[in-house]
Structure formats: structure tokens, C-alpha cells
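Down below is the structure, laid out as C-alpha cells.
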Amino acid sequence: MIDIRIIRENPEEFRRRIATKGVDAPVDVILQKNEQRRALITEVERIKAERNEGSKQVARTRDATERNALIAEMKGLGDKISALDDQVRQVDEALNDLLLGIPNLPDEDVPVGPDETANVVTSEGGPEREFSFTPRPHWELAEELGIIDFERGVKVAGTRGYVLRGDGAKLQRALIQWMLDVHTTRHGYSEIEPPLQVLSEMLVGTGNLPKFADTLFHDAEEDKWLIPTAEVPITNLYRDEILPGELLPIYHVAATPCFRREQISAGRDVRGIKRVYQFHKVEMVKFVRPDKSDEELKRLMSEALYVVDRLGLKYHVLDLSTGDMTFGSAHTFDIETWAPGSNEWLEISSCSNFRDFQARRANLKFRPEGGGRPQFLNTLNGSGLALPRVMIAIIENYQREDGTIQIPVALRPYFDGRDTIGKQPVFGPSAHIADV
RNA sequence: GGGGAGGUGGCCGAGCGGUUGAAGGCGCUCGCCUGCUAAGCGAGUAUGGAGGUAAUGCCUCCAUCGAGGGUUCGAAUCCCUCCCUCUCCGCCA
């Protein structure tokens with residue numbers, strides 16, 4: 001939620017900056033509603049003060065006639081009050097709806113542009129892989145090896161379904177385990193196992209609702225939503241609380257399934273597991289004091305990049321343009337990794353600073369050390385990393401000419417030191433069960 | 001799902017129609033005192049909103065005793081609905 005004071009202080013400046021996100025904010029209506037709201041509140045509170053004073057008088061008045069006159073007078077005020085309270089509620093609601101629909105302001109140093117074409121590559125790294133053969137896409141390799149079963153996945157879950165099997169499932173599990181270990185031991189995160197179904201207020205808190213309901217899975221009977229990312233339950237973990245300042249920063253990490261009801265256009269990204277309705281992701285969330293969020297964003301990126309680096313993947317970092325950033329973000333960096341078989345860059349992490357945008361929506365506050373008024377904290381989050389994309393990158397980058405996959409060194413401890421994923425037996429025990 | 005009990009400030013806990021935004025205690029903060037890692041004394045100690053003011057400081061006002069409605073001149077206190085917690089029963093991974 002945008003702080004309405006920003007709009008009030010300089011409406012034109014606000015209009016200009018929000019326009020870079022491709023949004024035409026109803027600034028005039030907002031200001032008018034706000035004006036109306038304040039006028040109504042001033043008025044109704046004046047009358048309430050009068051009534052409160054009058055009611056106290058009633059209690060003190062002994063004379064019955066005088067008393068009845070007073071009561072009659074106060075009765076009249078009561079009607080006015082409920083009428084005005086009604087109006088305040090309506091204006092409040094209207095104003096709130098308007099404000100909830102306004103995205104966060106981009107930081108001043110975000111590249112300005114209409115869409116992804118304006119994104120700026122800020123750094124790149126990782127090994128350049130040479131193949132003595134033509135690298136193949138993951139859907140071919142994975143299917144041949146029997147580590148991803150697309151056909152049965154679709155049979156069971158419908159379009160876009162997939163099943164990880166044998167070493168495929170194990171590879172994902174190893175990645176999750178290893179990433180969690182990295183973030184909890186090396187980067188100071190504490191691990192969370194959050195609910196995967198949440199109340200709608202939580203999604204309002206992170207900015208997914210009310211605008212993006214059509215991208216979410218929803219149980220209408222229970223008003224429960226499946227999370228599109230662990231960001232949602234974790235960001236809302238301390239909602240309506242005032243955290244002691246000395247607790248900050250708080251770093252949380254979680255590995256959860258993510259459910260996305262994306263409208264995937266036919267004919268695009270149809271092969272493989274790049275775009276699916278359900279996937280796992282390791283997510284990092286930070287709660288920090290406002291003056292620290294810039295440096296925390298850098299740190300968040302370096303934490304995600306550490307994982308990419310240890311997996312030996314080629315990557316580049318994109319500073320997303322104003323037009324390509326998500327609704328709630330003030331600044332976002334995407335990490336993309338090269339997939340030589342699919343022949344494209346894959347987004348494997350998105351690291352964002354939300355500043356106080358989510359904190360206002362979810363009412364996340366902290367009390368500065370040494371007392372003082374509670375203030376909104378800042379939230380950041382980033383993938384560390386998204387599993388299907390990492391799986392694609394590993395399968396395609398570590399493929400050998402014979403169609404087997406080399407296991408990245410960092411993951412070998414989770415494979416009992418094994419260095420190869422070979423063809424899986426479709427039925428029966430894992431080929432390597434004897435190793436255990 | 002059915003029955004019973006209950007939800008009050010950071011915590012415990014009074015209050016059950018009228019100077020109660022809320023006694024008392026604990027905790028915490030500041031000060032005083034004390035020759036000692038204690039005790040005592042005093043003061044302070046919620047959040048949001050509106051207005052005033054140069055001011056995120058100060059002042060005034062309003063709201064909030066699980067949430068929302070209702071009754072009343074006036075509600076933490078009475079009524080209704082919902083939510084949550086505990087508990088007994090049923091069901092169940």
C-alpha cells in the first residue's frame with residue numbers, strides 16, 4: 001500500500017513516477033476521497049465529543065426535567081453520528097479499494113522502460129560450457145532417462161502435469177536440502193515450514209490480491225487460497241505485531257510447493273517443466289529496518305548467486321525496468337541462467353525490495369530500540385532458487401553425449417558420492433538402492 | 001459435526017449499564033535512596049485516526065476490552081451473528 005501522504009504531498013511527482021510502471025493512477029479521485037474522509041471524520045468526532053460530554057452530564061444531573069431534556073438532545077446527536085459514521089465507512093472503503101489497486105513506486109534508480117526490453121544486464125558470470133555435440137533439451141533427456149514422466153503427469157493432474165521419478169525426484173530433493181543447508185548455515189536464515197493454504201487477507205498483504213486473483217488457486221467455500229510462493233505465508237507471519245527493534249533483521253527461508261494458475265498461452269513454453277502449475281521453490285524473506293533495505297537487497301542477491309555459483313551455472317543478472325517489475329516491488333533483480341538445450345535464459349531467481357509496501361498492507365511494524373513510535377519495517381524476498389528451472393539448467397548443462405547427467409559436485413554428498421544420473425528402471429527399486 | 005467453559009492493556013487479573021482507556025499485581029523505563037550484585041520510594045509505561053502547531057515533538061479530540069451488528073442519552077458491561085482457545089463426545093491421516 002502506498003502511503004497516501006506521498007500522493008498528497010506531491011501529486012504530480014507521484015503521477016509521473018507511477019506512470020513509469022505503466023499505471024495511470026486515479027490521483028484526483030484519491031485526493032478528493034481523502035479530503036472528503038478527513039472532513040467527515042472531523043465533523044463526526046466533533047459531534048461525538050459533544051455527545052460524550054452530554055452523556056456525562058446526564059449521569060450528574062439530579063433534576064428529572066433537566067435530565068430528560070438533555071437525553072432528548074443527545075438522542076438527536078446519536079442519529080447524526082450514525083449517519084456520518086456510515087458515510088465515513090463508505091468513503092474509507094472506496095479509498096481503500098483505490099489504494100490497494102496502486103502498485104508500489106519504483107526506486108529512482110530503476111531503469112525506466114515499458115517492458116522487459118528495457119531491462120539492463122548488470123553482471124554476468126559462471127562457466128562457459130563447450131559441447132562436442134549438440135546439447136539437447138531437458139524434456140528429451142529427462143524423458144529418456146525416466147526421471148521426468150510427462151505423460152503420466154498429465155494423466156493424473158491434467159495439462160502441464162509432470163512426475164519426477166527416481167533420481168529425478170532425488171535430484172530435486174537434494175537441491176532443496178542443500179539450498180536450505182546453505183541458507184540456514186552460511187547465510188543466517190532460520191527455516192520455516194509454513195501453511196500452503198492461506199486466508200485471503202494474507203494475499204492482500206503481499207499484493208497478490210485484490211488484483212491478481214485469476215492467477216491463484218482458490219477454495220471458494222472455505223475462502224482459502226493455495227500459496228503461489230512461500231513469500232505469502234512468511235511475509236504475513238508477524239502481521240499485526242510490533243516487533244522489538246533489536247530482533248531485526250529477521251531472515252527466514254522455506255522450501256514449499258508453489259501453485260500458480262497461470263494462463264499459459266498455447267504454443268509457448270509448452271515443452272518441459274519451465275512453466276507449470278505446481279513447483280517447488282526455496283524462498284528467502286527478510287524483515288529489515290527501512291534504512292537497511294538497500295544493502296539487504298544486495299546481500300539477498302549475493303546469497304542467491306552463491307547457490308548459482310556453487311552449481312557451476314552460467315548466469316546474468318537483470319535490473320528489471322519499471323515496466324517489467326511486479327506490482328509490489330520497488331526494485332527487482334532477476335537472475336537468469338543459460339539453458340544450452342532449450343537455448344534460452346531461464347529466470348531462476350527474482351530478488352525484490354518491497355520497502356514498506358507490504359508492511360503497510362500486512363501491518364508489520366517494529367519499535368525502534370530505546371523506545372519511540374512503532375514504524376513500518378521493510379520486506380524483501382528472493383528465490384534461492386526455483387526448482388524446476390534449476391533442474392532444467394542442471395540437466396541441460398551437465399548432460400553428456402550418451403544422455404546421462406553428471407551430478408554437480410555440491411550435490412554429490414546427497415547421492416552417496418555418486419556422480420552420474422543414468423537411465424532409471426521404470427518399475428521396481430531404484431537402480432542404486434544397493435548403495436544405501 | 002454435537003455439548004460445556006471462556007476470550008479485557010507486554011503478561012496475570014478485577015470490573016458485568018454512567019468521571020473505567022479500563023482497579024490491583026507483575027514486567028519494563030526514568031529518577032531518588034541505599035556502601036554493595038537485594039530491598040525500598042516516586043513517576044511513567046497501548047495502538048490507530050482527525051485537528052491545531054514550524055515540527056515524526058507538544059496539545060485537543062475520536063475510536064479500540066476477540067470481530068461485526070443491535071438496544072441505550074450513555075456498553076468492557078445487555079441482545080444477536082461470526083471467529084478463536086480450552087474441554088467432553090463423535091470422526092479421522
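Below, chains carry the letters A, B, ... as their sequence lines are ordered, and counting in each starts from 1. Heavy-atom basis, side chains included; hydrogens, waters and symmetry copies ignored.
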Rounded distance in Å between the C1' positions of B:G49 and B:G21: 16 Å
Name of the residue among A:E295, A:E303, A:E231 meeting salt bridge (charged side-chain N to carboxylate O under 4.0 Å, His left out) with A:K286: A:E303
Nearest-angstrom distance, P atom, B:C61 to B:U71: 28 Å
B:G10 to B:C88 separation - P atoms, rounded to the nearest Å: 31 Å
Nucleotide paired to B:A50 in any strand shown, Watson-Crick or G-U, under 3.5 Å: B:U60
Under 3.5 Å on both distances, the Watson-Crick or G-U partner of B:A39: none
Test item: side-chain donor near acceptor, A:S329 and A:T326, under 3.5 Å: no
P gap between B:C33 and B:U20, integer Å: 35 Å
Nucleotide paired to B:C26 in any strand shown, Watson-Crick or G-U, under 3.5 Å: B:G10
Distance, C1' atom - from B:C12 to B:A22, rounded to whole angstrom: 15 Å
A:D24 CG: over 12 foreign heavy atoms closer than 6.0 Å: no
Nucleotide paired to B:A55 in any strand shown, Watson-Crick or G-U, under 3.5 Å: none
salt_bridge(A:D92, A:R37) N-O dist < 4.0 Å: yes
Protein-to-nucleotide contact annotation, 5' to 3' order, nucleotides 61-72 of chain B [B base; S sugar-phosphate only; - none; under 4.0 Å, heavy atom]: BBS-----S---
Integer-rounded Å distance: B:G9 C1' and A:I242 CD1: 12 Å
Ring geometry between A:W225 and A:H218 (parallel below 30°, tilted from 30 to 60°, perpendicular above 60°): parallel
Parallel, tilted or perpendicular, as decided by the 30° and 60° cut-offs, for the rings of A:H183 and A:H187: tilted
Any side-chain heavy-atom pair of A:T206 and A:R361 under 4.5 Å: no
Carboxylate-amine/guanidinium proximity below 4.0 Å for A:R89 and A:E93: no
Under 3.5 Å on both distances, the Watson-Crick or G-U partner of B:U34: none
Separation of atom CD in A:E73 from atom P in B:G74, rounded to whole Å: 13 Å
Side chain A:S82, main chain A:G78, donor-acceptor under 3.5 Å: yes
N-O pairing of A:E12 and A:R15 below 4.0 Å: yes
NZ/NE/NH1/NH2 to OD/OE distance under 4.0 Å, A:K33 and A:D28: no
Nucleotide forming a Watson-Crick or wobble pair with B:C91, both distances under 3.5 Å: none
Protein-nucleotide distance (A:Q375, atom CD; B:U47, atom C1'), rounded to Å: 15 Å
Identified pairing partner of B:U85, criterion: Watson-Crick or G-U wobble below 3.5 Å: B:A5
Contact nearer the 5' end of RNA chain B, comparing A:K365 with A:L70: A:K365
Show the distances under 3.5 angstrom between N or O atoms of the protein and N or O atoms of nucleotides 16-19 of chain B.
unit_1, atom_1, unit_2, atom_2, d
B:G18, O6, A:R67, NH2, 3.2
B:G18, N2, A:S55, O, 3.0

Residues A:I148, A:M391; criterion side chain to side chain contact (heavy atoms under 4.5 Å, CB included); working and verdict: CA-CA 11 Å; A:I148 305 180; A:M391 298 273 284; 5.5 Å; no
Nucleotide B:C82, atom C1' - distance to CG of A:L199 in whole Å: 14 Å
A:Y162 and A:Q278: side chain donor to acceptor below 3.5 Å: no
Length of the CD-C1' vector between A:E241 and B:G48, whole Å: 17 Å
Short side-chain N/O contact from A:R367 to OP1 or OP2 of B:U47, under 4.0 Å: yes
Distance, P atom - from B:C82 to B:G4, rounded to whole angstrom: 14 Å
Paired nucleotide for B:A76 [Watson-Crick or G-U wobble; both distances under 3.5 Å]: none
d(CZ, A:F376; P, B:U47) in whole Å: 13 Å
Distance, C1' atom - from B:G51 to B:A23, rounded to whole angstrom: 32 Å
B:C30 and B:A38, which share atom name P, separated by this distance in whole Å: 15 Å
Restricting to nitrogen or oxygen on both sides, can you table the protein-nucleotides 51-56 of chain B pairs closer than 3.5 Å?
unit_1, atom_1, unit_2, atom_2, d
B:G51, OP1, A:R38, NE, 2.8
B:G51, OP1, A:R38, NH2, 3.4

